[in-house]
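The structure appears right after this line, and notes come after that.
Counting from 1, the numbers follow the sequence of the chain as shown.
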Amino acid sequence: MLKSTAGLASRSLKARLLIASFILLPMIIGVAGYALQNSFAYSLQASLEKRLRLQIYLMIGAAEMQGGKLVIGEAQQLRLGSDTSGYIHTHLGFPQWRSANSTEFSSAVQDAIVSSRIRIGETRFLYFEDENLYLYQYPLQWDDGSMARRYLFSIIENGDEATAELNAYRTQLWGWLFAVTVLALMLQTLITRWGLKPLSTLVDDLHNIERGYSTRLEGYYPEEVQGVTDSLNHLLHSERNQRERYRNTLGDLAHSLKTPLAVIRGAGNEQLLYEGYRNVVDDQVRRMDQIVQYQLARAVRSQTNTIAHATPLAPIIKRIASALSKVYREKNVDVSLLLDETALFGADERDMMELLGNMLENAFKYCHSAVRVLLVTEPEWVQLSIEDDGPGVSPDMRHVILQRGARVDTSAAPGQGIGLTVAVDILSSYDGQLEVGESTLGGARFKITLPAG
């Protein structure tokens with residue numbers, strides 16, 4: 001049972017917070033109550049000591065010498081409390097006077113009265129716990145004109161009144177502290193439920209997504225949770241894009257296979273010789289195999305888009321540009337690379353190679369003699385601009401070539417074929433954007449914007 005309870009507490013934030021509150025809060029309030037109780041007891045004793053000192057002063061004021069003894073006559077009408085006894089002794093412990101209401105105390109108390117040796121100017125305050133008595137003593141040197149003698153004034157008071165007052169304070173204090181503890185724990189329970197309510201709402205929203213009632217986490221969450229919900233929404237969006245990419249890839253595969261199959265079917269109807277028919281079939285099978293491998297590679301690439309390490313972009317651009325310069329050596333292309341070496345993007349390196357390779361190859365293929373690449377980073381995005389001095393893309397075709405499945409006449413906009421479609425698919429899986437415009441070099445400008453972080 002204890003193991004199951006401990007296991008539940010370890011998996012529940014609410015249980016952890018409540019258990020900690022139910023343990024720590026009573027401990028803190030208990031320590032505070034103990035400190036308050038001791039502080040009140042100390043103040044009570046200090047007040048009692050002050051009161052006994054005042055009564056000693058009254059005894060000193062009423063004392064007089066009679067028959068060689070220092071006494072307090074009845075004429076002085078000194079009134080001590082019913083629970084208070086006063087004494088006067090010589091410094092050697094011989095009794096001089098005692099109040100009328102004094103009682104016999106235990107030998108321990110009596111010995112404590114006469115055995116004390118207090119210097120002039122000092123006082124003595126004691127508490128006898130067993131008898132619940134308080135003793136206050138004050139030494140005095142009395143000069144009667146003929147001789148100076150030392151006397152000890154003592155006063156003893158019963159502590160029942162102080163004990164009753166302390167017990168009443170304790171009862172009231174711990175009663176209030178108990179009520180405060182219960183109220184605080186109730187409030188802590190409500191605060192914990194209210195504070196963790198966004199997590200419960202998050203769980204409900206996830207269940208709605210799981211059941212198909214919603215496609216993303218809606219509503220507003222606290223700042224501490226908003227980052228999680230934004231990441232989850234980004235993940236859900238990426239997963240939807242991935243599924244859409246699978247469907248598009250299957251559609252592209254089916255559409256691409258129609259032509260080779262039609263060629264094979266037509267060759268069968270032409271009644272070719274065996275060798276000729278075999279050559280046609282082998283050629284179309286190789287083409288079909290290339291189509292399948294290509295489409296599978298496109299589909300597999302999206303599997304790593306949701307979680308990827310930061311990929312440096314500048315080295316990839318340099319490597320691709322160097323290779324393309326060799327391929328198009330006869331053009332003697334003037335390549336201008338203005339790259340931010342610190343530019344990073346969280347993506348699979350193969351996707352970036354495919355994306356940048358297709359975009360740069362288009363620039364090299366259709367430029368006349370110049371290609372310019374600009375890579376900059378900002379806090380919220382990474383931007384790549386690829387320009388050439390080729391024929392460019394007409395304004396009425398710039399939007400069309402970015403639509404999936406659109407067929408573009410290559411004579412009107414040369415070079416915008418399947419490579420651009422692959423680039424658009426890769427960008428969509430990373431929430432990137434592609435804009436087509438006019439370059440200051442005279443050709444086309446492709447601006448890629450990728451979200452940072």
Side-chain angles (χ1 to χ4, degrees), residues 34-173:
Y34 181 76
L36 289 173
Q37 175 182 293
N38 288 346
S39 178
F40 180 79
Y42 176 79
S43 299
L44 189 62
Q45 287 192 356
S47 176
L48 180 60
E49 181 181 1
K50 183 178 180 180
R51 181 159 54 84
L52 294 179
R53 183 187 303 115
L54 292 176
Q55 291 183 337
I56 286 287
Y57 292 161
L58 292 176
M59 290 175 59
I60 295 173
E64 61 182 9
M65 294 297 297
Q66 293 181 4
K69 290 185 178 182
L70 185 62
V71 298
I72 299 176
E74 295 181 0
Q76 299 298 330
Q77 296 183 354
L78 178 64
R79 294 184 179 182
L80 301 176
S82 60
D83 295 331
T84 305
S85 302
Y87 300 88
I88 300 177
H89 294 80
T90 65
H91 72 285
L92 297 177
F94 296 108
Q96 298 286 291
W97 173 88
R98 60 186 301 176
S99 61
N101 61 342
S102 61
T103 59
E104 293 295 332
F105 298 105
S106 65
S107 59
V109 177
Q110 295 179 7
D111 293 341
I113 295 175
V114 299
S115 64
S116 60
R117 296 293 182 266
I118 310 174
R119 296 178 181 178
I120 300 299
E122 296 180 354
T123 61
R124 184 186 187 195
F125 181 70
L126 292 177
Y127 174 63
F128 300 93
E129 186 174 358
D130 294 337
E131 290 82 3
N132 193 21
L133 297 174
Y134 290 92
L135 169 64
Y136 187 85
Q137 293 182 298
Y138 187 87
L140 178 68
Q141 183 168 311
W142 191 277
D143 189 355
D144 58 359
S146 61
M147 183 180 296
R149 299 175 182 177
R150 293 176 57 187
Y151 294 93
L152 182 63
F153 287 75
S154 303
I155 189 167
I156 299 177
E157 182 172 303
N158 191 291
D160 290 344
E161 183 179 351
T163 302
E165 186 176 353
L166 180 59
N167 289 336
Y169 176 80
R170 286 174 177 171
T171 302
Q172 188 175 14
L173 172 66

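- The closest side-chain heavy-atom distance from W142 to M65 is below 4.5 Å.
- Remark: the backbone N or O of S43 is not paired with any side-chain donor or acceptor of S47 at under 3.5 angstrom.
- Across Y136 and E49, no two heavy atoms sit closer than the pair CE1-CG, 3.8 Å.
- Using cut-offs of 30° and 60° on the angle between ring planes, the pair Y169 and F40 is parallel.
- Of all non-hydrogen atoms in S106 and E131, the two that sit nearest each other are OG-OE2, 3.0 Å.
- Between the side chain of S39 and the backbone N or O of A35, no donor-acceptor pair lies under 3.5 Å.
- Between the side chain of Q137 and the main chain of I113, a donor-acceptor pair closer than 3.5 Å is present.
- No side-chain heavy atom of I156 sits less than 4.5 Å from a side-chain heavy atom of S154.
- Using a distance-only test at 3.5 Å, with no hydrogens or angles considered, no donor-acceptor pair links the side chain of W97 to the main chain of I88.
- Across all non-hydrogen atoms, the minimal contact from V114 to G93 is CG1-O, 3.7 Å.
- Of all non-hydrogen atoms in S99 and T84, the two that sit nearest each other are OG-O, 4.3 Å.
- By the 6.0 Å contact criterion, CD on Q141 is enclosed, its count of non-hydrogen atoms from other residues, nucleotides or ligands being greater than 12.
- Taking each heavy atom of Q96 and T90 in turn, the nearest pair found is NE2-CG2, 3.3 Å.
- Within the 4.5 Å cutoff, the side chain of I60 has heavy atoms near those of the I56 side chain.
- One finds the CD atom of Q37 at 7.0 Å from the CG atom of L173 (value rounded to the nearest 0.5 Å).
- A 4.5 Å side-chain heavy-atom check between Q55 and L52 finds at least one atom pair inside the cut-off.
- Atom NE2 of H89 sits about 10.5 Å away from atom CZ of F94, to the nearest 0.5 Å.
- For OH of Y127, the number of neighbouring non-hydrogen atoms (other residues, nucleotides, ligands) closer than 6.0 Å is greater than 12.
- Put simply, the side chain of D160 does not reach to within 4.5 Å of the side chain of D83, judged on heavy atoms.
- Rounded to the nearest 0.5 angstrom, R119 CZ and R150 CZ are separated by 10.0 Å.
- Taking every heavy atom of both residues into account, Y87 and R98 meet most closely at CD2-CB, 3.8 Å.
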Report the C-alpha separation of T163 and N167 in whole Å, then their side-chain angles, then the decisive distance to 0.1 Å, and conclude whether the side-chain contact (heavy atoms from CB on, under 4.5 Å) test is met. CA-CA 6 Å; T163 302; N167 289 336; 3.5 Å; yes

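- Annotation: side chain of L133 is in contact with side chain of N158 (closest heavy-atom distance under 4.5 Å).
- A parallel orientation is assigned to the rings of Y134 and F125, their planes being inclined by less than 30° (bins at 30° and 60°).
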